[in-house]
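Side chains included, hydrogens not; waters and symmetry mates left out as well; all remaining heavy atoms used. Counting convention: from 1, in listed order, for ligands and their atoms alike.
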Amino acid sequence: MAAGSPPPPPPPPPHFVLVPLVAQGHIIPLVDLARLLAARGARATVVTTPLNVDRLRGVAEQAARAGLPLEFVGLPFPPAGSGLPQDCQNADMVADNSQFLPFFFALRELAGPFDAYVRSLAPRPSCIISDWCSPWTAGVASSLGIPRLFFHGPSCFFALCEIMAVDHGLLELIAAAGDDERHLVPGMPVPVTVTKATPPGLFCYPGTELLRREAMEAMRTADGAVLNTFSDLEAQFLEGYEAALGKPVWALGPLSLCNRDEDSTTSRGKTAVDGKQAIMAWLDEQAPGSVVYVSFGSVARKLPKQLFEIGHGLEDSGRSFLWVVKEREAAAPEVREWLDALEARTAGRGLVVRGWAPQLAVLSHRAVGGFVTHCGWNSVLESIAHGVPVVTWPHFSDQFLNERLVVDVLGVGVPVGVASPVMIFDDESAPVARGDIARAVSALMGGGAEADERRRKAKEYGEKARRAMEEGGSSYENLTRLIQSFTRSEDKEH
Ligand code: UDP
């Protein structure tokens with residue numbers, strides 16, 4: 001550069017296009033990541049379906065008010081001929097188990113509209129970050145020469161078990177073995193055993209083999225991975241995962257900690273129930289650490305028999321509770337009446353939320369001292385990030401291995417005691433009895449050395465989580481490096 005000539009203009013901010021799987025447990029963390037990217041100087045676009053764009057209007061409006069370069073794009077879905085109803089655009093809108101596979105296979109047809117959308121962008125995006133369950137994005141990225149990272153939603157512990165199982169042929173071994181055999185997952189830095197009922201993979205159900213192959217292939221051909229975890233929580237698994245994958249792994253979480261005000265903690269995924277003020281006011285009246293929060297994520301649905309067992313168990317535990325029952329679960333008149341009667345019997349110490357709860361706001365309230373969770377990774381990490389220990393009740397897919405991490409490795413959980421999954425949308429068998437729930441809740445919320453130790457560890461992880469997301473923290477600095485690496489790519493005309 002000649003002396004006195006003006007410095008070259010700074011490179012334009014990198015543009016990240018994020019493609020979550022259309023399920024709340026996948027959309028929520030990727031929207032958090034998009035907000036973080038936009039807040040840190042990059043441009044971010046979340047590509048989803050129209051129903052989800054509509055649900056995320058609150059987030060879009062907040063971003064616009066804050067002047068963040070964050071936008072949402074809706075691709076047409078479901079495709080004609082899929083047989084799915086028009087509003088079936090999110091896993092929580094799938095009516096029953098028979099719609100589950102058609103829904104996943106229809107998602108693959110988003111590749112065409114996605115390709116057209118990306119081609120319409122000038123300049124082309126710097127990077128596509130797509131969910132590991134959205135492998136149909138891989139062909140679009142490679143045909144246009146755009147770098148692609150995959151976002152792996154569950155714990156790194158699960159991700160490493162999965163890749164080890166595939167690399168060592170464990171899934172085939174399990175398929176050929178008996179139901180009661182336990183199998184050691186090879187290559188894990190700690191001993192982990194699984195059974196036929198709890199194999200280490202998401203798409204391990206009959207009819208999903210093609211989906212698994214495509215997801216694994218898209219992981220292998222990606223340029224790296226983004227995980228919602230942090231180094232102080234999962235260092236040994238992150239190290240193993242990066243080595244097994246042979247490409248960069250970016251640990252950027254807990255992503256939920258980017259939500260710092262009431263507006264954002266209560267509007268994740270979709271706007272929380274109208275009564276959110278009443279929920280927070282009720283929590284304000286409870287003693288610190290006295291309330292157990294009970295919720296099973298966005299997808300699992302329970303039939304009345306199991307709901308009644310939960311209600312009885314909470315009542316019998318004698319503890320204060322805040323229990324989230326989904327709209328569809330509470331739709332039947334007999335359930336509505338039963339829940340009203342439960343609330344009357346436990347007045348002052350029991351609150352039932354019907355619908356979508358402001359989970360993050362609840363978990364960050366000082367009155368909450370425990371969480372009965374289905375072990376969806378977002379719920380687990382949100383709890384840990386707020387120093388709240390858990391009762392673990394896994395339902396399906398990665399949740400059984402998340403339970404092992406929480407109970408055996410991190411020491412912040414009490415198992416309710418389930419050994420096999422329930423079908424995604426119901427649990428006709430009501431596998432968990434009231435006595436199991438009362439016992440686990442009492443152990444979690446009660447006194448004694450073990451309970452105190454769980455609380456101490458949870459609090460310690462909560463503090464480490466906060467530090468990871470602050471300037472100078474591991475996840476904060478990883479995000480800085482991620483953005484920088486694609487800013488440089490911009491210079492190279494990516
Ligand atoms: N969630 C919420 N309100 C609810 C239920 C769930 O805000 O009433 C959020 C929760 O905070 C988490 C996500 O939905 O971020 C659920 O993801 P998770 O991985 O825990 O479970 P999944 O829904 O994928 O089974």
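Residues Val166 and Met216 come closest through the heavy atom pair CG2-CE, 3.8 Å.
Close approach of ligand 1 to Arg268 is summarised as follows: ligand atoms under 4.0 Å from at least one heavy atom of the residue are 11 (O), 15 (O). Atoms of ligand 1 found under 4.0 Å from any heavy atom of Gly376 (numbered from 1 in listed order, with element): 18 (P), 19 (O), 20 (O), 21 (O). Applying the 4.0 Å criterion to heavy atoms of Gly297 picks out, from ligand 1, the atoms 5 (C), 23 (O). Short contacts between ligand 1 and Gly25, defined as distances under 4.0 Å to a heavy atom of the residue, involve ligand atoms 17 (O), 24 (O). Near Ala357, with a cut-off below 4.0 Å to any heavy atom, the atoms of ligand 1 are 2 (C), 3 (N), 4 (C), 7 (O), 8 (O).
Regarding atom 23 (O) of ligand 1, its nearest protein heavy-atom neighbour is Ser298 OG, 2.5 Å. Ranking the protein heavy atoms by distance from atom 15 (O) of ligand 1 puts Glu382 OE2, 2.6 Å first. Ser379 OG, 2.6 Å is the protein heavy atom nearest to atom 20 (O) of ligand 1. Among protein heavy atoms, the minimum distance from atom 6 (C) of ligand 1 is reached at Trp356 CH2, 3.4 Å.
Between Trp356 and Val324 the shortest side-chain heavy-atom distance does not fall below 4.5 Å.
For Trp377, every heavy-atom contact with ligand 1 shorter than 4.0 Å involves the backbone, none the side chain. Heavy atoms of Asn378 found under 4.0 angstrom from ligand 1 belong to the backbone as well as the side chain. Here His374 has side-chain heavy atoms under 4.0 Å from ligand 1, and that is the only part of it that gets that close.
Sorted by first and then second residue, the salt bridge (charged side-chain N to carboxylate O under 4.0 Å, His left out) pairs with a member in residues 371-392 read Arg268-Glu382; sequence neighbours excluded.
No N or O atom of Gln24 sits closer than 3.5 Å to an N or O atom of ligand 1. No N or O atom of Ser295 sits closer than 3.5 Å to an N or O atom of ligand 1.
Using a distance-only test at 3.5 Å, with no hydrogens or angles considered, a donor-acceptor pair links the side chain of Glu234 to the main chain of Cys156.
Glu315 has a carboxylate O that lies under 4.0 Å from a charged side-chain N of Arg345, or vice versa, which qualifies the two as a salt bridge. We find that Glu214 and Arg108 are joined by a salt bridge, their nearest charged nitrogen and carboxylate oxygen being less than 4.0 Å apart.
For Arg455, the side-chain contact (heavy atoms from CB on, under 4.5 Å) criterion is met by Pro389, Ala451, Asp452, not counting sequence neighbours.
Atom-to-atom distance recorded for Ser379:OG and Phe296:CZ is 10.5 Å, nearest 0.5 angstrom.
Between the side chains of His395 and Lys302, at least one donor-acceptor pair of N or O atoms lies under 3.5 Å.
Tyr293 and Phe371 have tilted rings, their planes meeting at an angle from 30° to 60° on a 0 to 90° scale.
Heavy-atom distances between Ile28 and ligand 1 reach below 4.0 Å in at least one pair. Using a 4.0 Å cutoff on heavy atoms, His395 does not count as a contact of ligand 1.
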